[in-house]
Every structure is written in structure tokens, then in C-alpha cells.
2 protein chains.
Amino acid sequence: MTAETAQLSKSQLAFRVVHDRIVDGTYPPGQRLVLDAIGTELGMSVVPVREAIRRLEAEGLVTFERNVGARVAEIDEHEYWDTMETLSYVEGAAAHVAAPYVTAAAVARARELNAQLRGMLDDLDPVAFTRTNELLHRTLTDPCPNAHLRDLVDRGWRRLARLRASTFSFVPARAAESVDEHDRILDLVEAGADALEIELAVRAHRLATPNAYLRRAPQDGAAHRQEHR
Amino acid sequence: MTAETAQLSKSQLAFRVVHDRIVDGTYPPGQRLVLDAIGTELGMSVVPVREAIRRLEAEGLVTFERNVGARVAEIDEHEYWDTMETLSYVEGAAAHVAAPYVTAAAVARARELNAQLRGMLDDLDPVAFTRTNELLHRTLTDPCPNAHLRDLVDRGWRRLARLRASTFSFVPARAAESVDEHDRILDLVEAGADALEIELAVRAHRLATPNAYLRRAPQDGAAHRQEHR
DNA sequence: CATGCGGGCATCGTATACGATCCGTCGCGG
DNA sequence: CCGCGACGGATCGTATACGATGCCCGCATG
């Protein structure tokens with residue numbers, strides 16, 4: 001393990017550490033990220049930290065202001081919605097392209113994962129549920145031969161990372177619906193349905209979660225959408 | 001102007017310079033980018049250059065190998081196809097979301113731009129044509145209220161930047177078809193067509209260009225797609 | 001007591017310096 | 001003549017250092 005981390009450059013190490021801390025909530029939104037302090041803590045100079053922070057900025061996890069510093073990006077409702085909406089399109093696209101390449105074995109694995117999810121419904125552990133959920137989703141997009149598109153899916157997941165843990169906490173009811181939708185999507189894939197049909201199913205599946213969340217707010221999804229920015 | 005550039009950090013300056021040089025072909029694909037040399041030329045140290053290169057890496061314009069260095073990313077057929085395909089989905093998505101927000105004035109402006117394009121068909125200047133073409137496309141995606149999605153569209157355009165100049169050189173016939181397709185898309189928008197319908201039209205419009213290019217190759221688009229990676 | 005100004009502190013931005021790594025080349029031995 | 005290993009140059013990775021910038025707090029003044 002040490003040998004493994006050794007061939008990781010320090011800036012990559014810093015990236016991982018800070019990324020993980022943002023994701024797991026150690027660094028809450030709005031937290032200032034002082035380069036020097038982080039560097040000292042990780043036993044390195046500011047230079048690698050700086051590079052790590054800029055990469056995190058490119059991924060939207062931190063905001064950066066010249067001569068002022070970096071802080072963990074705030075997660076307002078807008079950003080949550082925007083990220084989910086974007087991922088719904090991108091993930092759908094990846095599923096579309098991947099559809100012809102999804103093997104029967106992959107579908108079988110996805111079914112198995114979904115069975116696990118169903119088993120977890122009784123007493124819901126949002127974190128574990130979300131992790132397995134991601135594995136299932138990736139089963140459908142990993143076969144996508146378009147590396148660029150897969151990369152966008154990855155970025156979307158990473159952006160959501162620090163929200164995901166709480167997503168199913170917000171709307172527990174979604175978990176059950178979600179499992180059923182997974183099965184319907186897998187039915188489509190198995191039946192060799194039109195790729196566009198699969199795409200739209202995946203898209204709708206993802207959008208259902210933020211919509212369910214917004215349904216609990218005063219205004220419904222559409223109204224929210226209108227006022228939004 | 002000097003005042004303007006003055007408040008640009010050196011790393012941002014380096015980013016622009018190198019970016020532009022890659023786009024305009026001064027740095028051809030495969031060209032090595034030596035940090036020290038660039039820094040010296042721009043009158044700065046390697047540190048800002050390094051940061052600029054990493055940003056370019058994040059955008060896919062350069063590849064970076066640890067302890068070896070950076071070079072301008074090669075543009076193989078795969079990457080061209082992947083980028084175009086990805087942009088087709090992302091741009092379609094942005095158009096979908098933007099549809100309700102596209103004003104009559106915006107459509108009018110798009111019509112005007114398309115008229116300009118039509119006028120340019122006689123003797124085709126690929127660079128000018130492509131620039132106006134981008135303006136038209138942006139008319140349809142800029143009203144998209146999802147900033148994240150708009151950002152993905154931007155990234156896609158930037159990735160294509162160094163290809164765009166030559167796109168219509170490759171397949172001059174596409175220019176004429178393209179103008180007609182623009183009008184049909186604008187018809188849909190004007191008629192208040194279903195957003196999904198608009199999305200699919202935009203998607204098909206973009207995919208038509210690489211397909212037209214591939215049609216000139218031995219294998220057709222579908223066959224190419226199959227073998228691809 | 002409120003408000004504007006100035007100084008000091010925290011932090012960033014960049015330069016310079018040095019060790020680490022890789023690649024090509026030269027020389028030696030088979 | 002060919003292969004293999006050691007040396008050297010080129011370039012990257014990071015540390016340290018210092019100037020630049022913005023922010024906060026206290027003081028003076030109306």
C-alpha cells in the first residue's frame with residue numbers, strides 16, 4: 001500500500017484527501033481551505049496543494065477567489081437540481097450509447113445488485129444503499145465505448161458525491177420506487193429495446209428523485225424550474 | 001487593455017496563450033510542451049505555466065505523463081468522433097432545457113445568422129462559416145438556465161476548437177445541408193414543438209457531420225462505430 | 001457615538017533552487 | 001557485429017522564500 005501511494009504524486013494525494021474530506025463532510029460547505037495549513041498538515045509544501053485545489057475547482061467542488069482563497073462550494077438547491085438534471089441527460093446518453101454493448105452477464109449482475117437493494121429497503125442505510133445504487137447504475141454506463149462521455153458521467157457522480165449520502169435520507173420513499181424502476185430499465189435492456197427508449201427511461205429515473213424532493217417543498221418541480229435563476 | 005490583462009493572473013495568461021496556440025495550430029498535435037521553455041518565453045516562471053497546462057489537461061487539449069511532460073493531444077479519429085457524439089447529446093440536452101426560454105427575438109437573430117451562412121455558401125471560408133455557425137448554435141443553448149449544462153456545452157466547443165476550422169473543409173457538402181437543417185430546427189422552436197423533438201433534431205444535426213465525413217471512408221458510420229475501441 | 005482612514009496580519013501569487021526521474025547515448029564485453 | 005549496462009543531459013516535482021493583495025481591527029475625528 002505504501003508502495004502504491006508512493007508512486008502517487010503529492011498533488012494527487014492532496015487531491016484525494018481533500019476530495020474525500022469534502023465528500024464525507026469533514027469539510028462542510030463554505031469551509032475555507034487554506035493552502036498553507038493543508039500543506040503543513042499533509043507534510044508537503046503549498047505547491048502541490050494548490051494544484052489539487054485547482055483540480056477540485058475544475059470539478060466544481062470548491063470555489064476559488066483570486067487573492068482571497070478557496071472554500072468548499074456551497075450546495076444550494078439550484079446546484080443540486082442543475083447537477084441532477086445534467087447527470088440525467090448525460091447518464092441517459094451514456095446508457096443510449098452503451099446499450100448495444102451491455103452483455104447478458106452485466107444485466108445479470110445488475111439484477112443481483114438490485115436484489116441487494118431490495119433487501120436493504122427494510123431498514124435503510126442511506127450510505128450503503130447509495131453505494132450499491134451507484135454500482136448498479138455504472139453497470140449500464142461502463143460499457144459505453146465513448147470515453148469522453150463516460151468521463152462526464154464520472155464527473156457528475158463526483159459532483160453529487162457529497163449530496164448522495166443524504167439523497168435517500170431526504171426522500172426515503174424514493175428508495176422503493178427506485179428499485180422498481182431499475183427492474184423496468186433492465187427489462188428494456190434485456191428485451192433489446194430501442195436505445196432511445198432506454199435513454200429516456202434512465203433519464204426519467206434520475207429526474208424522479210429531485211422531483212420527489214421538490215414535491216415536498218411549497219412549490220412543485222415545474223414552478224421551481226421556472227423561477228430558478 | 002494592458003489594465004485588463006494586468007488583473008489576469010499569469011497562469012490565466014499562460015492558459016490563454018497556450019490554448020490559442022493549440023487551437024490555431026501553432027502547436028500541432030503531438031507537439032511537446034516544455035514548461036520551462038514556455039515560461040521563459042512568456043516572461044514568467046514555470047509555476048504558472050504548470051498550472052495552465054494542468055487546466056488544459058483537464059479540458060482534454062493536452063496529455064500529461066508524469067516525469068515526462070506534456071504534449072498537445074493527438075486528434076485521432078476516435079477522439080473526434082467521441083467529442084462530436086458527446087456534444088451532440090449535451091447540446092441536445094441544453095437545447096431541450098433551453099427551449100421554453102428561447103425568445104422570439106433570439107429566434108429572429110438565429111434566422112439572420114442562418115441567412116448569413118446561406119450567403120457564405122457560394123465561396124466557402126471554413127473558418128468564418130464555422131464561427132457564425134457557432135454563434136447560431138449558441139443562440140439555442142445560451143438561454144438554458146442550467147449553468148452546469150451550459151458549461152459542458154462550452155467545454156465541448158473548446159475541445160472541438162482545433163478541429164472546427166477544418167470540419168467544413170473536410171466535408172464541404174455538409175455546409176449546405178447544415179443551413180437547411182438549421183431552418184428546420186428553428187421552425188420547430190418557433191412552432192413551440194415538444195422539447196424532446198427539438199432535442200433530437202439538434203442531436204441529429206450535429207451527428208450528421210461526422211457521419212458525412214465517415215461516409216467518405218471505406219466503412220460507413222455504423223460499421224465504424226462498431227469497431228471503434 | 002458613528003464613521004472614515006491607516007496599519008498590520010493572513011493568505012495568495014510567483015520566482016528561484018534543488019532533488020528525482022526518465023530517456024538517450026556511449027562504451028564495454030560477449 | 002550486437003546486446004547490455006552505466007553515465008549524462010533534459011525535464012519534471014516540490015520546497016522554500018519573498019513580494020503583492022485583500023481583509024480586519026483599532027484609532028482618530030467629526
Side-chain angles (χ1 to χ4, degrees), chain A residues 1-19 21-22 26-74, chain B residues 1-19 21-22 26-74:
Chain A
M1 186 198 92
T2 306
E4 223 175 80
T5 49
Q7 65 201 32
L8 225 62
S9 77
K10 296 203 175 184
S11 66
Q12 291 173 299
L13 177 72
F15 176 83
R16 287 217 175 183
V17 171
V18 177
H19 173 271
R21 287 187 182 173
I22 293 175
T26 307
Y27 292 153
Q31 166 84 269
R32 277 203 69 184
L33 300 173
V34 179
L35 303 189
D36 198 29
I38 296 173
T40 302
E41 185 199 333
L42 298 182
M44 64 181 74
S45 157
V46 298
V47 183
V49 178
R50 182 182 168 82
E51 191 171 306
I53 296 291
R54 297 315 275 257
R55 280 186 57 198
L56 289 165
E57 184 194 8
E59 299 217 341
L61 282 179
V62 313
T63 59
F64 201 91
E65 212 175 338
R66 179 178 161 90
N67 283 323
V68 174
R71 53 182 63 241
V72 179
E74 302 281 351
Chain B
M1 185 201 92
T2 306
E4 220 176 83
T5 50
Q7 65 200 35
L8 225 64
S9 77
K10 297 205 175 185
S11 65
Q12 290 173 301
L13 178 72
F15 176 83
R16 286 216 177 184
V17 170
V18 177
H19 173 271
R21 287 187 183 174
I22 293 175
T26 306
Y27 293 153
Q31 167 82 269
R32 278 204 67 185
L33 300 173
V34 179
L35 304 189
D36 198 29
I38 296 173
T40 303
E41 186 201 333
L42 298 181
M44 64 181 73
S45 158
V46 298
V47 184
V49 178
R50 182 184 169 81
E51 192 172 305
I53 296 291
R54 298 314 275 259
R55 280 186 56 198
L56 289 166
E57 185 195 6
E59 299 218 342
L61 282 179
V62 313
T63 59
F64 201 91
E65 212 175 337
R66 178 176 162 92
N67 284 322
V68 174
R71 52 182 65 240
V72 178
E74 302 282 349

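Computed from heavy atoms alone, side chains included, the values below leave out hydrogens, waters and symmetry copies. Each chain gets a letter, A, B and so on, in the order the sequences are listed, and its residues count up from 1.
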Trainee: Pick out the pairs of N or O atoms, protein on one side and nucleotides 19-24 of chain D on the other, that lie under 3.5 Å.
Mentor:
| from | atom 1 | to | atom 2 | distance (Å) |
| --- | --- | --- | --- | --- |
| D:dT21 | O3' | A:N67 | ND2 | 3.4 |

Trainee: Among residues 48-62 of chain B, which residues get a heavy atom nearer than 4.0 Å to DNA chain C?
Mentor: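 B:P48 - these, ordered by number, are the residues of the stretch whose heavy atoms sit under 4.0 Å from the strand.
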Trainee: Between A:V47 and A:A70, which residue's closest nucleotide on DNA chain C lies nearer the 5′ terminus?
Mentor: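 Taking each residue's closest nucleotide, the earlier one in sequence belongs to A:A70.
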Trainee: Taking side-chain contact (heavy atoms from CB on, under 4.5 Å) as the test, write out the residues that go with B:V72, two or more places apart.
Mentor: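 With neighbours one apart ignored, the set is B:I22, B:Y27, B:Q31, B:L33, B:R162.
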Trainee: For A:E74, enumerate each residue passing the salt bridge (Lys or Arg N to Asp or Glu O under 4.0 Å) test, keeping only those at least two apart in sequence or located in another chain.
Mentor: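 For A:E74 there are no salt bridge (Lys or Arg N to Asp or Glu O under 4.0 Å) partners, ignoring immediate neighbours.
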Trainee: By salt bridge (Lys or Arg N to Asp or Glu O under 4.0 Å), which residues pair with A:R21, not counting sequence neighbours?
Mentor: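 For A:R21 the salt bridge (Lys or Arg N to Asp or Glu O under 4.0 Å) partners, ignoring immediate neighbours, are A:E41.
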Trainee: Going by the rule side-chain contact (heavy atoms from CB on, under 4.5 Å), which residues pair with B:R54 if we only count those two or more places apart in sequence or in a different chain?
Mentor: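 Once residues adjacent in sequence are excluded, the partners of B:R54 under the side-chain contact (heavy atoms from CB on, under 4.5 Å) criterion are A:E51, B:R50, B:E57, B:F64.
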Trainee: Just jot down the side chain to side chain donor-acceptor pair (under 3.5 Å) partners of A:S45, sequence neighbours excluded, or say none.
Mentor: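 Here no residue qualifies.
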Trainee: Nearest heavy atom decides the nucleotide; on that basis, is B:V34 or A:G43 closer to the 5' end of DNA chain D?
Mentor: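 Residue closer to the 5' terminus by nearest nucleotide: B:V34.
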Trainee: Of all nucleotides in DNA chain C that come within under 4.0 Å of a heavy atom of chain B, which is furthest toward the 5' end and which toward the 3' end?
Mentor: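 Range of nucleotides touched by chain B: C:dT14 to C:dC23.
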Trainee: B:R71 side chain to B:G30 main-chain N or O, any donor-acceptor pair under 3.5 Å?
Mentor: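 Checking the backbone N and O of B:G30 against the side chain of B:R71, a donor-acceptor pair under 3.5 Å is found.
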Trainee: Go through the structure and list residues passing side-chain contact (heavy atoms from CB on, under 4.5 Å) with A:T40, not counting sequence neighbours.
Mentor: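 With sequence neighbours excluded, A:T40 shows a side-chain contact (heavy atoms from CB on, under 4.5 Å) to A:D36, given in chain and number order.
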